There are 2 protein chains.
Amino acid sequence: MLKDVVRTKSYQNVITQNSFLFKDKVALDVGAGTGILSLFCAKAGAKHVYAIECSQMADMAKEIVKANGYSDVITVIKGKVEEIELPVPKVDVIISEWMGYFLLFENMLNTVLYARDKWLADGGVVLPDKASLHLTAIEDAEYKEDKIEFWNNVYGFDMRCIKKQAMMEPLVDTVDANQIVTNCQLLKTMDISKMTPGDASFTVPFKLIAERNDYIHALVAYFNVSFTKCHKMMGFSTGPRSKATHWKQTVLYLEDVITICEGETLTGSMTVTPNKKNPRDIDIKLKYALNGHRCQVSRTQHYKMR
Amino acid sequence: MLKDVVRTKSYQNVITQNSFLFKDKVALDVGAGTGILSLFCAKAGAKHVYAIECSQMADMAKEIVKANGYSDVITVIKGKVEEIELPVPKVDVIISEWMGYFLLFENMLNTVLYARDKWLADGGVVLPDKASLHLTAIEDAEYKEDKIEFWNNVYGFDMRCIKKQAMMEPLVDTVDANQIVTNCQLLKTMDISKMTPGDASFTVPFKLIAERNDYIHALVAYFNVSFTKCHKMMGFSTGPRSKATHWKQTVLYLEDVITICEGETLTGSMTVTPNKKNPRDIDIKLKYALNGHRCQVSRTQHYKMR
């Protein structure tokens, strides 16, 4: 993950270019991993940083903090945010890299919100404080053939029952910007400084307008994050027109191949809910309709991120 | 895995081009997955095929068998080989694709040997019946820098404690044939028709001879499998000079950068043992020495495949 330059460099720039947010402040790093964000905060002048990490990586983080001479400034706490005690009642800044694929898959958002409600001082800052989900539509004949239609005839055998399952699995992959057929639409913005865990379940409408005559094989979701409390607005996008990150994009294949003409609109809605059995999994429902002059289609599809 | 053409096509060729091994025989498919190997066997004229699969995929395999009209020939049994009952006392052929990364990582070999000892008739055949482990040495300055030396300075911080761990993790990746500096040496051959589980623990010597003046950054292990009971010998290699498979190769980075001249030999031994706590994990010990005219080195390194 450290090798995801977009991700790590964005956090580094946010922290080092906005030391006014950290100078002499107490910071909390939720899900610290190697401790890299805590180290950035310490270097930016934080009075103290509490780095919480529940995996074995916490032991490494302790060694790394020591090796870099920050033992007095950074305290690594090994444990779950929901179970540990902090030596201070309040913190000034919470920083975290909590985002999962499709923003919400296997994410740590609820843990960040828990930490915010428990420890963030009045007027304190959460970094990042905005995350948004976006949608577009792509032509993807080649890969759909490879990934989905493959199951029609596997070395001469009919495996279409696997195709049904493959269709329901959102595919995390990088999409070429040239494949984009429509505009990109903002679906949902989340304000991390105010939202509740329930706000991560939602139904939102969309309206995608074709920018050329083409076929649509899949919808593609991606997210942006922003740090609006910086001196100037900072952030990064995981969209297909931005530099690739380890989050890539999330491809939702459609049952139908949609023949769309420039200016026609694909309208519908997306419903996102944590899976009831395993809240770290995500259920996605897509409704879409096109009433174009070469193609009529109206359908509901269900996806499961597992 | 079905999309690994080398793998699936090899099994398909073995089965369809050697129907004499299957015609009117009873076959057992260990770890059947989608049932593809069972379908090949049925098509080759097997009297009956028992396809054992312990995961949810067994339900898919049942559907697939039915969809392809082989319900009378193939019986899918959902369960663990060690726990299920077979409706017949003996089988004529056991077929399995049991190999893991580095041949032995998270493999199903012991399950195949269990099935062989319990159900294989006298004179019966195990497919594949030979598997061999091979070793070579590569120049890999660029990737070693990227994967190992990276930790020396991560955005300005010293994370060398992670480097130590990274060094101990064999890396599964495809190696370019141009990186090969020495000959490729056979380390160990396993006869699946005769071996015992204990034979998967071993210490073997090696002697690699440089074919050019170069640097050695890593040793690379890979495996071949053979089907020697075919009309003519068949099989495939997962080596860096063969078409890539999903097994790729296994790269063991060396502490030292070895400066080797054409004709000089890197000698040593490799010890492979299942991990005591988790026998599906593999512990690898490498001893190596070079007494070259530009470089002397002698070292023991430990690796853990987890």
Side-chain angles (χ1 to χ4, degrees), chain A residues 1-5 7-16 33-44 51 55-70 74 76 143 145-166 306, chain B residues 1-5 7-16 32-44 55-70 74 76 143 145-166 306:
Chain A
M1 298 269 254
L2 282 176
K3 293 178 182 172
D4 182 335
V5 175
R7 166 192 176 277
T8 311
K9 198 82 192 157
S10 293
Y11 277 87
Q12 183 183 35
N13 289 342
V14 162
I15 298 169
T16 58
T34 58
I36 185 76
L37 302 187
S38 296
L39 290 162
F40 291 149
C41 294
K43 208 170 171 183
S55 79
Q56 297 299 329
M57 191 55 82
D59 301 324
M60 285 289 174
K62 283 177 195 175
E63 269 196 66
I64 290 167
V65 165
K66 201 175 161 191
N68 290 280
Y70 284 107
I74 302 173
V76 178
Y143 284 97
E145 188 65 34
D146 217 45
K147 286 161 188 162
I148 306 290
E149 306 304 333
F150 170 83
W151 299 105
N152 292 336
N153 182 334
V154 180
Y155 296 89
F157 299 105
D158 169 356
M159 294 200 181
R160 280 176 295 179
C161 61
I162 294 185
K163 181 179 160 180
K164 273 186 225 164
Q165 210 177 48
R306 299 280 178 277
Chain B
M1 297 270 254
L2 282 174
K3 293 178 182 175
D4 181 336
V5 174
R7 166 193 178 275
T8 311
K9 199 80 193 159
S10 294
Y11 277 87
Q12 183 182 35
N13 289 343
V14 162
I15 297 169
T16 58
T34 59
I36 187 75
L37 303 187
S38 296
L39 289 162
F40 291 150
C41 294
K43 207 171 172 184
S55 80
Q56 296 299 331
M57 191 54 82
D59 302 324
M60 285 289 176
K62 283 177 195 175
E63 267 196 68
I64 291 168
V65 165
K66 201 175 160 192
N68 290 279
Y70 284 107
I74 302 173
V76 177
Y143 284 97
E145 187 65 34
D146 216 44
K147 286 160 189 164
I148 305 292
E149 306 305 334
F150 170 84
W151 300 106
N152 291 337
N153 181 336
V154 179
Y155 296 88
F157 299 105
D158 169 358
M159 295 203 180
R160 279 176 296 177
C161 61
I162 295 186
K163 180 178 160 181
K164 273 186 224 163
Q165 209 177 48
R306 297 284 177 275

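Heavy-atom basis, side chains included; hydrogens, waters and symmetry copies ignored. What you see is a predicted model, and the numbers here were worked out from it, not measured in a lab. Order of the sequence lines fixes the chain letters, A, B, ..., with proteins taken first and strands second; residue numbering starts at 1 for each chain.
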Side chain, backbone, both or neither of A:Lys9 within contact of chain B (heavy atoms, under 4.5 Å): both

Sort A:Val5 into side chain, backbone, both or neither according to what part of it lies under 4.5 angstrom from a heavy atom of chain B. both

With side chains defined as the heavy atoms from C-beta onward, is the minimum distance between B:Glu63 and A:Met159 less than 4.5 Å? no

At their closest point, which heavy atom of A:Ile74 faces which heavy atom of A:Ser38, and how far apart are they? CD1-O, 3.6 Å

Using non-hydrogen atoms only, which part of A:Phe40 is less than 4.5 Å away from chain B: side chain, backbone, both, or neither? both

Heavy-atom proximity to chain B below 4.5 Å, by part of A:Asp158: both

Correct closest heavy-atom pair for B:Lys147 and B:Ala166 would be O-CB, 4.3 Å

Can you tell me which of A:Val154, A:Ile64, A:Ile36 forms the most heavy-atom pairs within a distance under 4.5 Å of chain B? A:Ile64

Do you know the tightest heavy-atom contact between A:Ile148 and A:Lys163? O-CG, 3.5 Å

Checking the side chain of B:Lys3 only, and the main-chain atoms of A:Asp146 only, is there a donor and an acceptor separated by less than 3.5 Å? yes

